[in-house]
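Atom set for the values below is all heavy atoms of this structure, side chains included, hydrogens, waters and symmetry mates excluded. Bear in mind that the values here come from a model prediction, so they are computed numbers and not experimental data. Here is the naming used below: chain letters follow the sequence lines, and residue numbers restart at 1 for every chain.
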Protein chains: 2
Amino acid sequence: MKALSIKDIAQKANVSITTVSFIINGKAKEKSISEAVIEKVEKIIEESGYKPNQIARSLRTGNTNIIGLIVEDISNSFFSKIARLIEDKAYKRGYKIIYSSTENNIAKAQELINMFKSRKVDAYIISPVKGLETDIQDLINDEKPVILFDRNLPDVVANYVGANHFSASYQSIENFVQNGRKNIALVTTNVDVLQITERYEGYKKALLDYGLPYNEDFVLKIHFNQDEAETISQIKQLLSAKKVDAVLFATNYLAISGLKALKQINKQIGDDFSVIAYDDHEAFELHTPGISTVQQPLEEIAETVIKLILNQLASKTKLPIQEVIIPAKLIIRN
Amino acid sequence: MKALSIKDIAQKANVSITTVSFIINGKAKEKSISEAVIEKVEKIIEESGYKPNQIARSLRTGNTNIIGLIVEDISNSFFSKIARLIEDKAYKRGYKIIYSSTENNIAKAQELINMFKSRKVDAYIISPVKGLETDIQDLINDEKPVILFDRNLPDVVANYVGANHFSASYQSIENFVQNGRKNIALVTTNVDVLQITERYEGYKKALLDYGLPYNEDFVLKIHFNQDEAETISQIKQLLSAKKVDAVLFATNYLAISGLKALKQINKQIGDDFSVIAYDDHEAFELHTPGISTVQQPLEEIAETVIKLILNQLASKTKLPIQEVIIPAKLIIRN
DNA sequence: CTGAAAGCGCTTACAG
DNA sequence: CTGAAAGCGCTTACAG
């Protein structure tokens with residue numbers, strides 16, 4: 001069964017396809033199509049269930065009404081929640097989302113951008129990987145709306161929306177210090193992105209400001225993509241060999257691994273040992289005791305991302321580049 | 001900066017666009033284009049960074065290489081994990097995924113299917129809502145590849161992949177009984193989909209088989225979409241007013257709410273009270289004590305879904321409808 | 001008030 | 001071995 005085309009509708013209504021097109025696109029009044037014709041055509045469209053072919057429309061107009069979303073991993077709850085919020089807001093404005101996960105792999109990310117390009121997506125929302133600078137710059141030079149989020153690329157001038165990672169991590173350490181902790185460890189990843197670096201810098205600076213020594217042995221950089229079992233074992237080692245009395249986990253999945261490690265070695269969170277996790281996770285609230293976390297304001301991030309995108313999409317002229325830094329919130333749970 | 005078209009490449013190479021098209025599509029040999037021309041054209045394509053416009057290609061061929069994924073909520077970890085696995089496998093075969101969340105809303109789901117239709121997606125992967133029967137039947141009549149997953153629609157004959165919800169729930173109750181539980185409650189949703197009904201039936205049948213009375217007061221049907229606070233308060237009521245000694249939660253998010261409720265009323269899981277949750281969640285493993293769960297084999301489900309889709313996409317003829325029921329696994333954690 | 005025609009960028013049957 | 005031309009289903013400038 002072949003789908004109906006505008007031609008079929010025009011034939012049934014005994015008008016030209018031009019007229020049908022005007023009516024479909026709400027230009028009937030503007031083009032002064034008579035009320036009678038409008039009604040007739042609309043009735044036929046309604047009855048036949050005709051839906052314009054978006055592919056043809058896209059080829060003609062150059063717009064697809066599709067936004068490309070490129071994240072590290074859609075199954076990570078931070079990204080899937082953002083994806084959901086963005087989807088919601090985009091759909092209300094007639095945009096659909098096509099997504100992809102980079103797995104932190106430059107080659108894959110580049111390939112994805114190329115695919116999205118050849119599919120002519122109208123705009124890009126990207127949680128970038130280092131190494132993507134030129135590709136992103138090309139998009140921007142092409143006048144494509146691009147919003148980076150979560151992590152920024154220092155060497156590219158692009159719109160960016162993200163939490164204040166430095167101060168979030170600084171505050172966490174501050175909290176540890178106020179609770180009398182002195183041997184504070186950081187468990188982070190070896191991924192070389194600004195947002196991770198900033199969390200590290202916040203940690204370092206806070207130690208310095210509070211007169212605590214910085215000890216390299218207290219910083220564990222977990223290899224991205226390594227087995228969770230390996231991660232757990234490294235964390236166990238950090239915690240048992242050293243006199244660590246507090247740990248900041250730089251991502252939620254690291255904290256999850258960390259909690260598993262604690263459970264295995266039977267180390268209790270309490271009077272002489274504290275933990276703070278970056279990014280929330282249901283497990284943290286449920287954990288006994290509750291795990292304090294640094295929360296990125298998801299709703300606000302998604303809202304800002306989509307607002308910037310839609311603004312750019314709506315504007316004929318190039319808008320100034322914006323960096324929106326949103327404070328993260330430290331939630332104390334014990 | 002206008003993107004290059006096949007015409008530009010043809011001009012640069014001094015050949016027709018037909019020739020360029022054959023080369024791009026790997027039909028050069030078949031069409032016996034000379035080696036010299038192939039090399040020349042490929043070099044120009046390479047140097048210029050030309051990428052064929054997929055929109056034009058889609059309009060011409062009728063294929064988009066896009067698969068539409070319709071789920072209840074992409075931010076639910078069950079769906080986001082499936083989304084990730086499907087994405088992976090689809091990309092390897094040249095397909096992209098466009099997703100959408102129905103929020104269990106029939107009207108929204110219908111709208112989504114229509115959008116996907118007019119966007120000419122090549123295939124549909126749908127976790128359906130009741131009420132979508134005709135829409136899905138229409139797709140099937142249109143010879144579009146359609147795979148339902150997670151939940152089936154009894155009144156539509158479509159490919160389906162899902163876990164054996166009945167037996168999963170039956171086994172859970174069996175486990176409770178073997179541990180001496182006698183007053184077993186079920187916390188489920190009021191969503192009227194087969195997969196939820198089956199979990200309920202499994203619960204009922206197991207009680208019957210083990211000679212335990214079925215008590216309506218022990219079945220709590222939570223309204224989908226209601227506030228979590230409300231859910232928690234209802235669960236608290238169930239647990240405090242009744243002499244319930246075991247609870248099966250029919251979805252992971254209900255179990256999360258349930259655990260919060262337990263924490264609030266300080267009810268311990270242990271010798272005289274058991275819990276099993278449907279669908280895994282990191283929180284369950286970390287919880288003290290660990291929460292037993294019924295796990296759907298995500299990898300296997302995704303694998304089967306994508307295999308069925310690709311088979312259909314590859315096949316010229318209509319393939320027989322298949323229902324693949326995959327056993328769920330009961331993981332005992334305490 | 002309405003329509004014929006060009007063109008978006010491809011693919012492919014047909015011709016030579 | 002290669003190319004001219006039709007056509008996928010739309011939109012829109014132009015003409016009347």
Rounded to whole Å, how long is the line connecting atom NZ of B:K51 with atom P of C:dG9? 17 Å
Here's a test for you: under salt bridge (Lys or Arg N to Asp or Glu O under 4.0 Å), which of A:E39, A:E47, A:E46 qualifies with A:K43? A:E47
Between C:dT2, D:dG9, D:dT2, which nucleotide has the shortest distance from any of its atoms to the side chain of A:T19? C:dT2
When rounded to whole Å, the CD to C1' distance for the pair A:Q11 and D:dG9 reads 14 Å
Starting from P on C:dC8, measure out to CG on B:D8 and report it in whole angstrom. 11 Å
Side-chain donor-acceptor pair under 3.5 Å between B:T102 and B:N104, yes or no? no
With a cut-off of less than 4.0 Å, is there a side-chain N or O of A:S5 near OP1 or OP2 of D:dG9? no
Are a donor atom and an acceptor atom from the side chains of A:S80 and A:S77 found within less than 3.5 Å of each other? no
Whole angstrom value for the distance that separates P of D:dC10 from CD1 of A:I9: 9 Å
Would you kindly give the NZ-to-P distance between A:K120 and C:dC8, to the nearest whole Å? 13 Å
Can you build the contact string for nucleotides 11-16 of chain C? Use B for base contact, S for sugar-phosphate-only contact, and - for no protein heavy atom under 4.0 Å. BBB---
Could you check B:I33 against B:L59 and say which one's nearest nucleotide on DNA chain D is further toward the 5' end? B:I33
When you measure from the side-chain N and O atoms of A:Y50 to the phosphate of D:dG9, is any distance below 4.0 Å, counting only OP1 and OP2? no
Output the rounded distance in Å from CD1 (A:I23) to P (D:dC10). 14 Å
Under 3.5 Å, is there a donor-acceptor pair linking the side chains of A:S101 and B:E87? yes
Would you please classify the geometry between the A:F79 ring and the A:F149 ring as parallel, tilted or perpendicular, with 30° and 60° separating the classes? perpendicular
Between B:D135 and B:Q110, do the side chains contain an N or O donor and an N or O acceptor separated by less than 3.5 Å? yes
How many Å lie between CD1 on B:I55 and P on C:dG9, as a whole number? 12 Å
Whole-Å distance separating the CG atom of B:N53 from the P atom of C:dG9: 7 Å
Looking at D:dA15, which nucleotide sits across from it as a Watson-Crick or G-U wobble partner, both distances under 3.5 angstrom, or is there none? C:dT2
We want to know whether B:S16 and B:T19 form a side-chain donor-acceptor pair, criterion being a heavy-atom distance below 3.5 angstrom. yes
